[in-house]
There are 2 protein chains.
Amino acid sequence: MAGQSEPGRGRVTIRTVAADAGVSVAAVSKVMRNAYGVSESLRQRVEASIEKLGYRPSVAARGMRGQTYTLGVLLVDIENPFLPSIYQGIEEMTEARGYKIMVGVGKAHERREAQLIEQMIDNRMDGLILVASQIPGAVMDRYARQIPTVVVGHHEPQADSFDTINSDDRQGARLAVQAFVERGHRDIAMLAMEWDARHEADVSPQREAGYLAAMAEFGLAGRARILRVPSSEKPHADDLRRILAMPDRPRAIFCWSDLDAVPLRNLAWQMGLRVPEDLAIIGYDNNPVAALPMIGLASIDQDGPRMGRLAAEALLSRIAGRRQAEHVLVPPSLVLRGSV
Amino acid sequence: MAGQSEPGRGRVTIRTVAADAGVSVAAVSKVMRNAYGVSESLRQRVEASIEKLGYRPSVAARGMRGQTYTLGVLLVDIENPFLPSIYQGIEEMTEARGYKIMVGVGKAHERREAQLIEQMIDNRMDGLILVASQIPGAVMDRYARQIPTVVVGHHEPQADSFDTINSDDRQGARLAVQAFVERGHRDIAMLAMEWDARHEADVSPQREAGYLAAMAEFGLAGRARILRVPSSEKPHADDLRRILAMPDRPRAIFCWSDLDAVPLRNLAWQMGLRVPEDLAIIGYDNNPVAALPMIGLASIDQDGPRMGRLAAEALLSRIAGRRQAEHVLVPPSLVLRGSV
DNA sequence: ACCGAGATGTAGAATGTTCTACGTAGAACG
DNA sequence: CGTTCTACGTAGAACATTCTACATCTCGGT
């Protein structure tokens with residue numbers, strides 16, 4: 001019922017172009033795809049007609065047989081200011097190669113993410129990049145058999161149906177612990193998300209493992225403490241407050257994400273704690289908010305743009321035919337700020 | 001070249017379902033679309049087969065004739081934390097009605113936005129929502145004739161080919177000026193974006209007009225001052241610093257967006273200015289960062305979710321056949337915080 | 001003059017839906 | 001009992017591409 005002014009009679013299709021250029025439909029198709037077997041003169045003629053008529057191929061029709069030259073990017077969440085940096089990297093890489101991107105927002109909800117993936121398959125996207133998806137590995141595997149897939153921010157090093165690009169989350173945690181230790185801290189806790197076995201591949205458990213390993217490495221195994229807050233659904237300000245009010249409040253906290261580190265730092269301020277004197281904090285993601293001078297939150301930087309570029313490269317090579325899975329770990333770095 | 005395991009032979013199409021249920025292809029199509037003329041018994045039979053086979057219609061094939069039940073949402077920018085709230089509203093409304101959403105990110109770049117719109121038309125989206133687009137009205141008009149369109153955050157009250165949903169930006173500016181006046185301020189400046197005639201319909205010029213009108217209303221016409229920073233491309237920290245260092249620095253600043261108000265507030269802090277004693281600030285958008293206790297930035301709230309819902313409703317009714325354009329203004333409100 | 005190989009171009013099937021037009025059976029009506 | 005509706009289904013064209021043969025041309029070599 002969505003009929004607009006022109007009932008469709010006006011639409012310029014590949015047929016219109018072919019007629020105008022005086023060649024076959026197949027010839028125009030070849031030109032569009034840079035396919036083999038088109039002479040320079042033919043190409044020029046066809047391109048002139050395309051230009052003249054303003055022809056644009058229908059992605060829908062393309063999708064029925066060949067490629068759509070469109071990639072799907074699934075973001076966990078649109079509110080985390082760290083994610084756009086990954087997106088930038090993806091885009092930079094794919095745009096140059098003539099691919100378009102469609103974004104889906106999963107809102108950290110597994111059911112929803114699955115729907116979006118199916119929708120992208122239905123839309124005949126050429127490939128998929130899942131960023132920090134909540135979907136369990138087994139399910140990912142099933143989808144990945146239907147469509148070339150690269151996963152970012154989800155550790156599944158043994159997967160063979162898709163590639164993974166990750167920050168070296170264990171190393172990131174180690175950097176944080178080391179920075180605390182070098183500044184004389186011994187009472188170093190970690191603030192982590194609650195998780196169950198289904199989410200073992202998520203980043204938070206990896207950072208936990210790294211934290212515990214680093215504490216042991218620095219001879220502080222006995223002092224390791226993991227404080228938990230409910231998974232990333234909104235309201236855990238109260239949990240954070242409770243943590244800061246504990247009689248044995250730690251002197252330094254490594255926080256699994258700036259998503260919690262920023263509120264934590266704000267609560268500390270509200271409760272009159274001096275940062276870093278009473279409480280030192282290091283977050284994760286180097287979220288732009290952490291960089292604001294008034295917040296001044298030290299954080300582990302994952303180099304989002306680079307992860308994005310790597311993911312895009314992996315996807316394109318997979319689309320080009322690669323079958324062997326690739327698993328990349330990107331080294332993180334620590335950005336020091338006032339909170340340590 | 002993207003071939004996955006199953007060469008396609010395995011794909012379950014509408015034909016598979018029809019065969020399984022022992023009915024015609026057209027019958028299955030009717031069931032999928034809830035179209036007229038299908039008996040209860042037939043519907044049940046078909047639905048059982050769909051369930052059993054896990055059939056999912058191909059959006060590509062659908063797009064070739066009918067609707068795709070997919071809407072395109074074009075966001076200026078993925079880094080502005082205010083935009084997700086509009087997105088939530090859009091989604092809430094459309095999801096319930098069985099529509100899917102694809103997001104495009106324009107990065108405040110006109111050429112890019114135009115490409116994305118064309119891409120969405122190519123993908124046969126049923127309709128488009130443009131959020132804070134940079135595209136001039138005349139160009140929008142051309143696109144809007146090809147596809148049902150609703151525009152958010154772009155004032156074009158005379159447009160007849162598309163609908164607009166906006167915050168009442170003039171009223172928002174008035175609220176800010178009024179709040180300052182009530183607190184005894186008279187030296188009230190506005191921080192605005194540079195703009196040219198092409199962007200008169202953007203929100204910043206509207207807020208300027210509202211500021212000037214309000215200053216006049218409160219008898220301060222002679223004291224109105226508009227300070228300009230380069231358009232939203234990144235680096236204007238230096239411009240902000242210069243403004244704060246002016247000998248005749250204003251005592252109160254109404255800022256066109258939290259995008260600039262947050263850095264401004266941070267710079268003031270860095271330069272040792274007391275807020276609000278030395279400088280009071282009100283921003284616009286009620287960006288989540290403004291709400292952080294340490295930032296405490298008063299801001300005009302646009303009720304993003306509501307604008308999103310209204311935009312979605314307008315689009316759906318337009319898809320359903322409405323031709324007459326609608327132009328809605330949503331009243332803003334002031335959220336008071338420490339910066340005033 | 002003939003042949004074979006490569007390069008260039010074309011016809012037409014295939015893709016998975018929707019939509020138009022039409023057929024058929026049973027009910028309601030005179 | 002014939003006629004006319006109405007409700008339910010179906011056949012097949014249409015949609016805009018790509019892709020798989022296949023046909024035709026051009027040359028250089030015999």
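Source: prediction; values computed, not measured.
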Worksheet item: Would you call K100(B) and D122(A) a salt bridge, using N to O less than 4.0 angstrom?
Response: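 Salt bridge flag = no for D122(A) with K100(B).
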
Whole angstroms only, please: what is the [atom1]-[atom2] distance between [X] and [N]?
X       : N       : atom1 : atom2 : result
K30(A)  : dA16(D) : NZ    : P     : 23 Å
N123(A) : dT17(C) : CG    : P     : 13 Å
R11(A)  : dA14(D) : CZ    : C1'   : 15 Å
R124(B) : dT17(C) : CZ    : C1'   : 13 Å
R15(A)  : dA14(D) : CZ    : C1'   : 10 Å

Discussion item. Is it true that S161(A) and R145(A) share a donor-acceptor pair across their side chains at a distance under 3.5 Å?
Written reply: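 Checked: R145(A)/S161(A) side chains show no N/O donor-acceptor pair below 3.5 Å.
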
Discussion item. Atom CD of residue position Q324(A) - does it have more than 12 heavy atoms of other residues, nucleotides or ligands inside 6.0 Å?
Written reply: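 No.
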
Fill in: Non-neighbouring partners of D202(A) that pass salt bridge (Lys or Arg N to Asp or Glu O under 4.0 Å), sequence neighbours left out
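Applying salt bridge (Lys or Arg N to Asp or Glu O under 4.0 Å) to D202(A) gives none.
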
Remember a base hit wins even if backbone is also touched, and classify [X] as base, sugar-phosphate or nothing at under 4.0 Å, heavy atoms.
X      : answer
R43(A) : nothing
S29(B) : base
V59(A) : nothing

Worksheet item: Can you list the residues that meet the side chain to side chain donor-acceptor pair (under 3.5 Å) rule with Y55(B), with sequence neighbours excluded?
Response: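 Expected list: none.
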
Worksheet item: Between the side-chain atoms of R65(B) and the base atoms of dT18(C), is any donor-acceptor pair under 3.5 Å?
Response: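 Result: at least one qualifying N/O pair found.
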
OP1 or OP2 of [N] under 4.0 Å from side-chain N/O of [X]:
X      : N       : answer
S39(B) : dG9(D)  : yes
R33(B) : dC19(C) : yes
T13(B) : dG16(C) : no
Y36(A) : dA7(C)  : yes

Worksheet item: Hey, what bend do you get for the helix from dA1(C)-dT30(D) to dG30(C)-dC1(D) if you fit axes on five pairs at each end, rounded to 10°?
Response: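 Overall, the helix from dA1(C)-dT30(D) to dG30(C)-dC1(D) bends by 50° from one end axis to the other.
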
